[in-house]
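Next up is a structure, given as structure tokens.
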Amino acid sequence: EMCIRDRVGSGSSFTNLVRRLAAENKNLKKDLFGEWMGDVYYATPVLIEWNPLSLYIENVNNELVCTKKGGIPVIRYNLHDTGGILTHERVCEILESHRYKIDVLLKEANISKEKVWKLPLFYVFGRSDNVVSIDGANVYPESLEALIYSFPEIKGYKLFLKRDPKTQKVKFGVYLETKDGITLTSPEKERLEKEYHDRILSHLLKINDDFRRSYNDNPSACDPIIEI
């Protein structure tokens, strides 16, 4: 699968600077990118510049839709990347509202002002078609990435939904794939599934307001199944 950023734009020294500042300043991140998943603890999204003379990009229900100019027939592509759009001027306004001086920032970062193109930008959190929705709350794979890849035994993961054959209720869970060469005994597997369940649940309750509300209302549905 290829997301929209791979074809239509690129990062720059300016976008890298903005992302670094946003990663260091929670309030700046909120003003630039909004409250994703109900909070601003999410990873800083990818930030990309694009050429408006060749492409038209719009935000439709928080998904980026791209139209290539000059083609016949005109086709709008929705590649299901969750994100938004900013003008260069709006980014500068937000930076200045947080008392950053653009000229000073560029000088400190050794970026020539003449090399900063005033192009529109889009930001990407991740793919919307990998989202799991449970009891009104969305869980994005990207929101768990840093946590799960810190688990020493784990090399990959996938979110899933499963229907309980007895109750017919749907629950969500996380498949965890162990690194090559790691073999777990049944007691080790059970212990790790319990440990990682507690850490994943705690993380989601911290970062995702919608999930936290859904969990408080319906803990049995939102309590994640962890399968190694």
Side-chain angles (χ1 to χ4, degrees), residues 1-7 9-11 15-16 18-30 32-48 59 62-64 79-84 121-162 171-182 184 189 191-215 222-228:
E1 293 179 340
M2 182 175 289
C3 70
I4 200 170
R5 64 180 178 273
D6 296 319
R7 291 184 176 181
S10 63
T15 62
N16 292 338
V18 174
R19 290 189 75 245
R20 178 176 61 79
L21 294 172
E24 297 170 353
N25 185 331
K26 176 182 173 181
N27 291 326
L28 174 62
K29 182 192 295 185
K30 177 181 176 181
L32 284 168
F33 308 121
E35 294 187 348
W36 192 56
M37 303 183 303
D39 213 329
V40 290
Y41 288 100
Y42 51 76
T44 305
V46 175
L47 185 61
I48 300 294
N59 183 341
N62 293 322
E63 292 186 339
L64 296 173
L79 298 185
H80 301 292
D81 277 340
T82 303
L121 307 96
F122 64 86
Y123 53 90
V124 179
F125 291 116
R127 294 188 59 80
S128 62
D129 51 5
N130 292 332
V131 176
V132 167
S133 183
I134 185 72
D135 201 47
N138 290 332
V139 179
Y140 290 78
E142 292 81 6
S143 67
L144 295 173
E145 184 173 303
L147 173 67
I148 290 178
Y149 286 137
S150 73
F151 299 163
E153 302 86 359
I154 303 303
K155 72 172 184 179
Y157 69 102
K158 183 178 181 179
L159 307 187
F160 66 89
L161 293 173
K162 177 180 288 188
K171 298 189 67 172
F172 104 93
V174 185
Y175 290 122
L176 300 176
E177 182 181 5
T178 57
K179 294 177 180 177
D180 295 342
I182 291 181
L184 301 174
K189 180 174 178 290
R191 177 183 61 80
L192 286 178
E193 286 177 343
K194 174 63 169 63
E195 176 186 341
Y196 293 155
H197 164 274
D198 293 347
R199 292 178 65 180
I200 288 171
L201 177 60
S202 176
H203 181 72
L204 287 173
L205 291 173
K206 176 182 177 182
I207 70 165
N208 190 328
D209 281 353
D210 289 338
F211 179 85
R212 182 164 58 249
R213 284 190 289 267
S214 295
Y215 181 83
C222 297
D223 192 34
I225 302 167
I226 307 300
E227 297 185 4
I228 297 178

Least distance between heavy atoms, E227 atom then Y175 atom | OE1-CE2, 3.0 Å

Where K179 and P152 come nearest, the two heavy atoms and their spacing = NZ-O, 3.0 Å

Gap between atom CZ of R20 and atom CG of N25 - 0.5 Å precision = 11.5 Å

When every non-hydrogen atom of I225 is compared with those of K162, the smallest separation belongs to CD1-CD, 4.5 Å

Taking all non-hydrogen atoms of both residues into account, name the closest pair between D180 and K155 and its distance.
-> OD1-NZ, 2.8 Å

Check against side-chain contact (heavy atoms from CB on, under 4.5 Å), F160 and V132 = CA-CA 7 Å; F160 66 89; V132 167; over 6 Å; no

Counting only heavy atoms not in K194, do more than 12 fall under 6.0 Å of its NZ?
-> no

Would you say the side chain of F211 lies within less than 4.5 Å of the side chain of L201, judging by non-hydrogen atoms?
-> yes

For F151 and T178, run side-chain contact (heavy atoms from CB on, under 4.5 Å): C-alpha distance rounded to whole Å, both residues' side-chain angles, the deciding distance at 0.1 Å, then the answer.
-> CA-CA 10 Å; F151 299 163; T178 57; over 6 Å; no

Go through the steps to decide whether L121 and V18 satisfy the test side-chain contact (heavy atoms from CB on, under 4.5 Å), and finish with yes or no.
-> CA-CA 11 Å; L121 307 96; V18 174; over 6 Å; no

CG of L204 to CG of D210: how many Å apart, nearest 0.5 Å?
-> 12.0 Å

Partners of Y196 by side chain to side chain donor-acceptor pair (under 3.5 Å), sequence neighbours excluded?
-> E153

Heavy atoms, side chains only, cut-off 4.5 Å: are Y140 and N208 in contact?
-> no

Closest approach of I228 and E193, non-hydrogen atoms and distance?
-> N-OE2, 3.0 Å

Do I48 and V124 have side-chain heavy atoms sitting under 4.5 Å apart?
-> no

First locate atom CZ of R199, then atom CG of L144, and finally report the distance between them rounded to the nearest 0.5 Å.
-> 12.0 Å

Walk me through it: do I207 and S143 pass the test side-chain contact (heavy atoms from CB on, under 4.5 Å)?
-> CA-CA 8 Å; I207 70 165; S143 67; 3.6 Å; yes

Point-to-point distance, once rounded to the nearest 0.5 Å, from OG of S202 to NE2 of H197 | 10.5 Å

How close do L32 and Y123 get, heavy atom to heavy atom, and via which atoms?
-> O-CE2, 4.1 Å

Among L192, I148, I182, whose side-chain contact (heavy atoms from CB on, under 4.5 Å) with I154 holds?
-> I148

Report yes or no: does Y157 contribute a side-chain atom to a donor-acceptor pair with the main-chain N or O of Y149 at less than 3.5 Å?
-> no

